[in-house]
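Structure first, then comments.
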Amino acid sequence: MNEPHIYAAIHAEVLDAMRGLYPALAEDSIARIVVEPPRDATHGDMATNAALVSAKPLRLAPQAIAQALAARLAGTATIREATPAGPGFVNIRLDEDWLRSRLPAVLLSGAAYGEGTIGTGKRVDVEYVSANPTGPMHVGHCRGAVVGDALANLLAKAGFDVTKEYYINDAGAQVQALAYAAYFRYLQALGTTMSEDEYALLVPGGLQYRGEYLVPVGKALAEAHGDAYALADAEHGFGLRDPGEWLAPVRAFTIERMMESIREDLAALGVTMDVFISEATLIERDAVTTAIATLDAKGLVYQGILEPPKGKTPEDWEPREQTLFRSSQFGDDTDRPLRKSDGSGTYFANDIANHADKIARGFNALVHVWGADHGGYVKRMQAVVKALSDGAVTIDIVLCQIVQVVKNGEPVRMSKRAGTYVTLADLIDEVGKDAVRFTMLTRKADAQMEFDLDKVKEQSRDNPVFYVQYAHARCRSVLRQMPDATAQSLAAAPLDTLTDPAELALLRRILAFPRMIESAAEAREPHRVAFYLADLASDFHGLWNRGREDATLRFIREDEPAATQARLALVAATASVIRAGLAVMGVTPVEEMR
RNA sequence: GGACCCGUAGCUCAGCUGGAUAGAGCGCUGCCCUCCGAAGGCAGAGGUCGAAGGUUCGAAUCCUUUCGGGUCCGCCA
């Protein structure tokens, strides 16, 4: 069990002090007290708003409370100095001995450092990727995959019991069209002379998926079933047999193959799912009907007619009575249809079943990572979860904005026809899995991103992938020179020689890691890990560079074995924290730069 | 027409859920390598946080309006 991190420790001290000073202070005011790093580091290590938030309930001047609080906090073993400031802040300067004393625990906990407790006892389901199984994954899926995976890792790090989930859209018209496309490749494998365009005229919706990736599927079908699914045809050799005789098995076979390739792509990206949920299976289990019935029992389903969409009304719009869900009662703009005119469930209805299933599986919190094009879907899904769980289950939806791939300063156009379609596998081949993952996390999810293929491979200060990896490699290179130093031996080293501002800055950064994990998890923002690591790397490189001008600041000094041990402890802790952070991001640390 | 996301230094972006004099990298300017850790280092300039109102002790952050950019918008998934 980790001891509380430094912010939690000081927060507890501040609360104690406030309770001691003002026994009458209500708990809801106490709950608003925070301890944070001040924006300006010259103000100290931490600052608290305790006086500001309790001034009104106590009917006292904030400055007076700040005075009293500062007096009470100063001079403990942890706090060297507490001073009232500004409108009523109390600035806190930590005792440096205390800070140094926290380092051994970092070394000893190793990869576990930063594990938090905010998620303890909570089960969270993170659903991401969920690409339709109609073809290979492309860069458009990539950001969601990385963000979702890192977010899941982050939540696990913060103490949640996490399930990584992939929802397979294997029920609708898209996979039907996919099956027809695979069937064409099957006929080709048998030797049909029919052209794509001829075939397109024979099947509903035409030939929608013309990619080469279905060729092996067609071959496999031919190997497995011979010509049993085809019809001898004088003109082309082989032609279309009644779909009733082959469509279902061909569809199942093709989806299975597509999912295999998706799993491979994900594995190349370092993503492994815990659970795959099939939309078709939910329908077979009658989960959709059941879920709608549940909503109906709550009085949230009715027959009604929707207003036409505002603005551009579709040509063929006509008012129609439909089965609707009252999502507008939960903040959605309008109610939403549950059944198509043929009586089958809409995609939305199926997704309601999916969420009812999640809730039934006992999750306390649901998280989705979606592309920006699903933005319009957010409110209705939140409405569903609120309605089904009576507000007991939380749902957070992280929207990832578009990624623009740039090469040689030119945007790469995404076009299947022009052959400039960038698959995920291509991207990984080009820059490597680690660079892809790290780079995808160097923007917050809701900002658009440019993925510059050249920049990502660049070895310079402004490429954070390189910069962070380089810091780790430098740490490892120093440690390799002192092979006797282990985490255990370094954890026992006296640290009182660590007094240089650059050393202390690095130490403070290391000690801030658990708090960063906590707040990033709470905000569902994995990109913060990347920014933290860049800052940590910057502190480390800064210290390294100091050693260039001032030889007494080098890590290894033959004449000063004690100081060397202390610095190695700092270096080992730095490497350890970088590894812990990269682990959350799903990036493999490097031992040396090449 | 409506919904959602973004708008912060010349450029690319952070800003820890409302805190103090708004930060980083790149670029720019000026210094620093015959050698010792320069794929670099140090210092400096650069901002009415798109605009206008509002909420309060306090706003880049919350609300309203508005201007740009993006993603979408009834039985598609």
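By convention in this document, chain letters (A, B, ...) are assigned in the order of the sequence lines, proteins followed by strands, and residues within each chain are numbered from 1. Just so it is clear, the structure is predicted and the values come from calculations on it, not from any experiment.
More than 90° away from 0 lies the glycosidic angle of B:C63, which makes this nucleotide anti.
Taking a cutoff of 4.0 Å between a charged side-chain nitrogen and a carboxylate oxygen, A:Arg567 and A:Glu503 qualify as a salt bridge. Of the charged side-chain nitrogens involved, none lies within less than 4.0 Å of a carboxylate oxygen, so that A:Lys407 and A:Asp454 do not count as a salt-bridged pair.
The nucleotide B:G58 finds no pairing partner, because no Watson-Crick or G-U wobble arrangement with both distances shorter than 3.5 Å includes it. Base pairing analysis places B:G30 opposite B:C42; the two distances defining the Watson-Crick or G-U wobble pair are each below 3.5 Å. Of all nucleotides present, none satisfies the Watson-Crick or G-U wobble test against B:U48 with each distance under 3.5 Å. Pair check for B:C35 finds none; no Watson-Crick or G-U wobble contact set falls under 3.5 Å. Figure legend. B:G23 is base-paired to B:C13; pairs are counted as Watson-Crick or G-U wobble with both atom distances under 3.5 Å.
Using a 4.0 Å heavy-atom distance criterion, A:Tyr470 is classed as a base contact. Nucleic acid contact for A:Phe348: none, since no nucleic acid atom lies under 4.0 Å from a heavy atom of the residue. Residue contacts shown for A:Ala85 include a base, since a base heavy atom lies under 4.0 Å away. As judged by a 4.0 angstrom heavy-atom cut-off over every strand, A:Leu338 is placed among residues making no nucleic acid contact. At the heavy-atom level, A:Met593 lies under 4.0 Å from base atoms of the strands shown. Within 4.0 Å (heavy atoms only), A:Ala171 reaches no atom of the nucleic acid at all. At the heavy-atom level, A:Pro62 lies nowhere under 4.0 Å from the strands shown. Backbone-only contact: A:Ser519 has heavy atoms under 4.0 Å from sugar-phosphate atoms and none from a base. Using a 4.0 Å heavy-atom cutoff across all strands shown, A:Gly172 reaches sugar-phosphate atoms only and no base atom. Across all strands, A:Arg546 comes closer than 4.0 Å to no nucleic acid atom at all (heavy-atom distances).
Distances shown here put every side-chain N or O of A:Arg528 at or beyond 4.0 Å from the OP1 or OP2 atom of B:C16. At B:C4, one or more side-chain N or O atoms of A:Lys379 fall inside 4.0 Å of OP1 or OP2 (strictly under the cut-off). Close to B:U56, at under 4.0 Å from its OP1 or OP2, lies no side-chain N or O of A:Lys56. Between A:Lys455 and B:U12 there is no side-chain polar atom (N or O) within less than 4.0 angstrom of OP1 or OP2. Distances shorter than 4.0 Å separate none of the side-chain N or O atoms of A:His541 from OP1 or OP2 on B:G25.
Positionally, the nearest nucleotide of RNA chain B for A:Ala372 lies more toward the 5' end than for the other of A:Ala173 and A:Ala372. For the pair A:Ser344 and A:Arg524, nearest-nucleotide mapping onto RNA chain B gives the more 5' position to A:Arg524.
When each of B:C57, B:U71, B:A77 is scored by its nearest atom to the side-chain atoms of A:Ile402, the top-ranked nucleotide is B:U71. For A:Pro337, taking side-chain heavy atoms from C-beta onward, the closest of the listed nucleotides B:U17, B:C76, B:G74 is B:G74. With B:G41, B:A20, B:C13 as the choices, the nucleotide that has an atom nearest any side-chain atom of A:Phe531 turns out to be B:C13. Taking every side-chain heavy atom of A:Glu279 into account, B:A77 is the closest of B:G19, B:G70, B:A77. When the nucleotides B:C72, B:G15, B:G70 are ranked by their closest atom to the side chain of A:His527, B:G15 comes out on top.
The distance between atom CG of A:Asp446 and atom P of B:C4, rounded to the nearest whole Å, is 14 Å. With rounding to whole Å, A:Gln63 atom CD is found 14 Å from B:C57 atom P. Following rounding to the nearest Å, A:Tyr347 (OH) and B:G74 (C1') show an atom-to-atom distance of 17 Å. When the C1' atom of B:G74 is taken as reference, atom CG of A:Leu324 falls 10 Å away, rounded to whole Å. Residue A:Tyr467 contributes atom OH, which lies 13 Å from atom C1' of B:A39 at whole-angstrom precision. Rounding to whole angstrom units, NZ of residue A:Lys444 and C1' of B:U8 are separated by 9 Å. Taking atom CD on A:Glu36 and atom C1' on B:G15, their separation rounds to 12 Å, with Å as the unit. The CG atom of A:Leu553 sits 19 Å away from the P atom of B:C36 (whole-angstrom rounding).
For A:Asn91 and B:A20, a side-chain-to-base donor-acceptor distance below 3.5 Å is present, hydrogens and geometry of angles not being considered.
Residues A:Phe540 and A:His472 place their aromatic rings such that the two centres sit no closer than 6.0 Å.
Distance NZ/A:Lys444 to NE2/A:His527: 6.5 Å, rounded to 0.5 Å.
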Could you please spell out the steps behind the salt bridge (Lys or Arg N to Asp or Glu O under 4.0 Å) verdict for A:Arg93 and A:Asp45?
-> CA-CA 5 Å; A:Arg93 210 170 283 279; A:Asp45 294 302; 5.7 Å; no

Salt bridge (Lys or Arg N to Asp or Glu O under 4.0 Å) between A:Glu450 and A:Arg443, intermediate numbers included | CA-CA 9 Å; A:Glu450 206 172 77; A:Arg443 295 276 181 283; over 6 Å; no

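The aromatic ring of A:Phe89 sits over the base of B:A20, with ring centres less than 5.5 Å apart and planes inclined by under 30°.
Of all heavy-atom pairs between A:Ser327 and A:Arg336, the closest is OG-CG, 3.3 Å.
A perpendicular orientation is assigned to the rings of A:Phe348 and A:Tyr377, their planes being inclined by more than 60° (bins at 30° and 60°).
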